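Step one of this worksheet: look at the structure below.
Note that the coordinates shown come from a computational prediction; the quantities given were computed from them, not determined experimentally. Proteins come first, then strands; the chains are lettered A, B, ... in the order of their sequence lines, and each starts at number 1.
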Protein chains: 2
Amino acid sequence: MTRISATDRRSALVRSALVVVAARGVAQATTRAIVAEAGMSLASFHYAFNSRDELIAELVGYVVDREATAILLEEVDADLDHGTHDDHWERPILAQVLRSGMIRYLEHVRADPMHEKAMLELTQYALRDPGLEHLARAQYRRYHALAAEALATAASRSGTVWRLPVADVSRLLVALTDGLTLTWLVDRDDLAAMQLIDFSANSLAALAEPA
Amino acid sequence: MTRISATDRRSALVRSALVVVAARGVAQATTRAIVAEAGMSLASFHYAFNSRDELIAELVGYVVDREATAILLEEVDADLDHGTHDDHWERPILAQVLRSGMIRYLEHVRADPMHEKAMLELTQYALRDPGLEHLARAQYRRYHALAAEALATAASRSGTVWRLPVADVSRLLVALTDGLTLTWLVDRDDLAAMQLIDFSANSLAALAEPA
DNA sequence: GTCTATAAAGTGATAGAC
DNA sequence: GTCTATCACTTTATAGAC
């Protein structure tokens, strides 16, 4: 009926695909399920995309951006909150900074668990497809870069410096975050998650020293 | 041709299913692919199982047992190796015991990465199926119990005691192991994996004190 | 019990009218 | 551009011969 540009239709389909993947998994994200979610006809799908594989590839690329910006925006918000009151002489303890950062991440996962599950599945899916494998690696490079930035900020804010390259520490943080996500998704144990966060924050903080 | 008991056929199909899942993923583990791997006809499948879902359910239950016993056997082997020479007065450092245990686990993953990937996918799959969800949880309870046993052994061998309940420490170890597995499967970075192992071993060891 | 053949339902993709 | 209708194929599952 109404004319929609091909690019608009593509992004609409990608967003709908993410909804379907989150709700039912990658295997159940059929072209029919996706167009139903988007309120389009099946033919419109193939007008916008050459194949389902093409959409899945774009979806993987899309979620990498989305995840990165989502976490980044939360960081910025937290920074702004922090900046509203005068803390000129107050130096937060590094472990506390890391702890609150990881709690923010956990809240992010708790707010939309199925989305996080979709991220995991899409990574695993990409890892199986030779043509999509590089996207999975790109996703993790993004995570590492994001973690490195957060760790650098945390250190400078708490007046400390990392005793080993921040890139190395960031890999630890990403692995800890993965473990946190995976175990929480399985048993939804908030208490255990908080214990893991405390442990992670304290253990990582031990890798820094006063500036 | 040759008559095979239904139970034998079931277990043969389950083993073949695991091979297919490891090689091509859960979604591609079709009944046809599984019977081809097992060298059976399609009809034999439905003679042994009522449905594909029934096989997948049994597969999930099967891998839980298999993974547990596999890691446990490695532990026993390691214990035997350790017992061959006289170490009556030698007390290994806890961090070293944990480190070598995690290295053994990493070797286990490196020896058959696709099997480990299959385990991950089956857990995620079970988590989506309301009827299979409990199996995913059971799998992790098993992991936790296994980790708790290993941690208790490690502490007593090194003459230390855990400063918090071993069940809590075991959850940390499982999460660390998950993070190790996930990140290694993505980038296959052995050096980063070793750094994570060192970090984990040292950080966990800090949670114990001399007996 | 084990097979071949086929049914029944779902899938990705396309043709062709408008 | 967008639709309905349909093709070609794959999937799970079953029927029926042996």
Side-chain angles (χ1 to χ4, degrees), chain A residues 1-60 62 118 121-122 125-126 128-132, chain B residues 1-60 121-122 125-126 128-132:
Chain A
M1 203 68 92
T2 47
R3 306 298 166 88
I4 303 176
S5 79
T7 51
D8 284 355
R9 209 172 267 283
R10 279 176 80 97
S11 62
L13 283 168
V14 167
R15 279 191 307 261
S16 294
L18 180 55
V19 173
V20 176
V21 170
R24 297 191 247 166
V26 188
Q28 294 299 313
T30 63
T31 53
R32 282 176 168 80
I34 294 167
V35 297
E37 172 66 33
M40 294 182 195
S41 74
L42 187 55
S44 296
F45 181 97
H46 284 99
Y47 179 77
F49 289 97
N50 286 318
S51 68
R52 176 181 181 269
D53 284 353
E54 190 178 300
L55 172 123
I56 297 291
E58 189 152 312
L59 173 58
V60 173
Y62 168 72
E121 286 179 18
L122 285 170
Y125 179 89
R128 282 213 178 275
D129 189 321
L132 265 44
Chain B
M1 202 66 94
T2 48
R3 306 297 165 91
I4 303 175
S5 78
T7 51
D8 283 355
R9 209 172 265 283
R10 281 176 78 96
S11 62
L13 283 167
V14 167
R15 279 190 307 258
S16 295
L18 180 55
V19 173
V20 176
V21 169
R24 296 190 248 166
V26 188
Q28 296 299 314
T30 63
T31 53
R32 280 178 167 79
I34 294 167
V35 296
E37 172 68 33
M40 295 184 196
S41 75
L42 187 54
S44 297
F45 180 96
H46 284 98
Y47 179 77
F49 289 97
N50 286 318
S51 69
R52 177 181 180 271
D53 284 353
E54 188 178 301
L55 171 122
I56 298 291
E58 188 151 313
L59 173 59
V60 173
E121 287 179 17
L122 286 170
Y125 179 89
R128 282 212 178 276
D129 189 321
L132 265 45

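The phosphate of D/dG1 has neither OP1 nor OP2 within less than 4.0 Å of any side-chain N or O from A/Arg9.
Put simply, CG on B/Asp8 is 10 Å from P on C/dT2, counting in whole angstrom units. The nearest whole Å value for the distance from the CD1 atom in B/Ile56 to the P atom in D/dA13 is 11 Å. One interatomic measurement links the two molecules: CD1 of B/Ile34 to P of D/dT10, which rounds to 18 Å at whole-angstrom precision. Here D/dT14 presents its C1' atom at 18 Å from CZ of B/Phe49, a figure rounded to the nearest Å.
Side chain of A/Ser44 to backbone of A/Met40: no donor-acceptor contact under 3.5 angstrom is found.
In terms of heavy atoms, A/Ala48 sits closest to A/Glu54 at O-OE2, 4.4 Å. Closest non-hydrogen pair, B/Val35 versus B/Ser41, comes out as CG1-O, 3.7 Å. Of all the heavy atoms in A/Ala29 and A/Ile34, the pair that sits closest is O-CD1, 3.6 Å. Heavy-atom minimum distance, B/Leu122 versus B/Val26: CD2-CG2, 4.2 Å.
As judged by a 4.0 angstrom heavy-atom cut-off over every strand, B/Ser44 is placed among residues touching the sugar-phosphate backbone only.
B/Thr31 meets the side chain to side chain donor-acceptor pair (under 3.5 Å) test with no other residue; sequence neighbours excluded. Partners of B/Tyr125 according to the ring-ring contact (aromatic ring centres under 6.0 Å, His included) rule, which considers only residues two or more places apart in sequence or in another chain, do not exist here. Applying the salt bridge (Lys or Arg N to Asp or Glu O under 4.0 Å) test to A/Arg52 and every residue at least two apart in sequence or in another chain returns nothing.
Of all nucleotides listed (C/dG12, C/dT2, D/dT2), D/dT2 comes nearest to the side chain of A/Ile4. Out of C/dG12, C/dT2, D/dT2, the shortest distance to the side chain of B/Tyr47 is found at C/dT2. Listed candidates were C/dC3, C/dT2, D/dT2. Nearest to the side chain of B/Ser41 is C/dC3.
Within residues 11-27 of chain A, no residue has any heavy atom under 4.0 Å from DNA chain C.
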Tabulated below should be each protein N or O lying under 3.5 Å from an N or O of nucleotides 13-15 of chain C; please produce it.
from: C/dA13; atom 1: OP2; to: A/His46; atom 2: NE2; distance (Å): 3.0
from: C/dA13; atom 1: OP2; to: A/Arg52; atom 2: N; distance (Å): 2.8
from: C/dA13; atom 1: O5'; to: A/His46; atom 2: NE2; distance (Å): 3.4

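Screening residues 11-38 of chain A for salt bridge (charged side-chain N to carboxylate O under 4.0 Å, His left out), with sequence neighbours left out, gives no hits.
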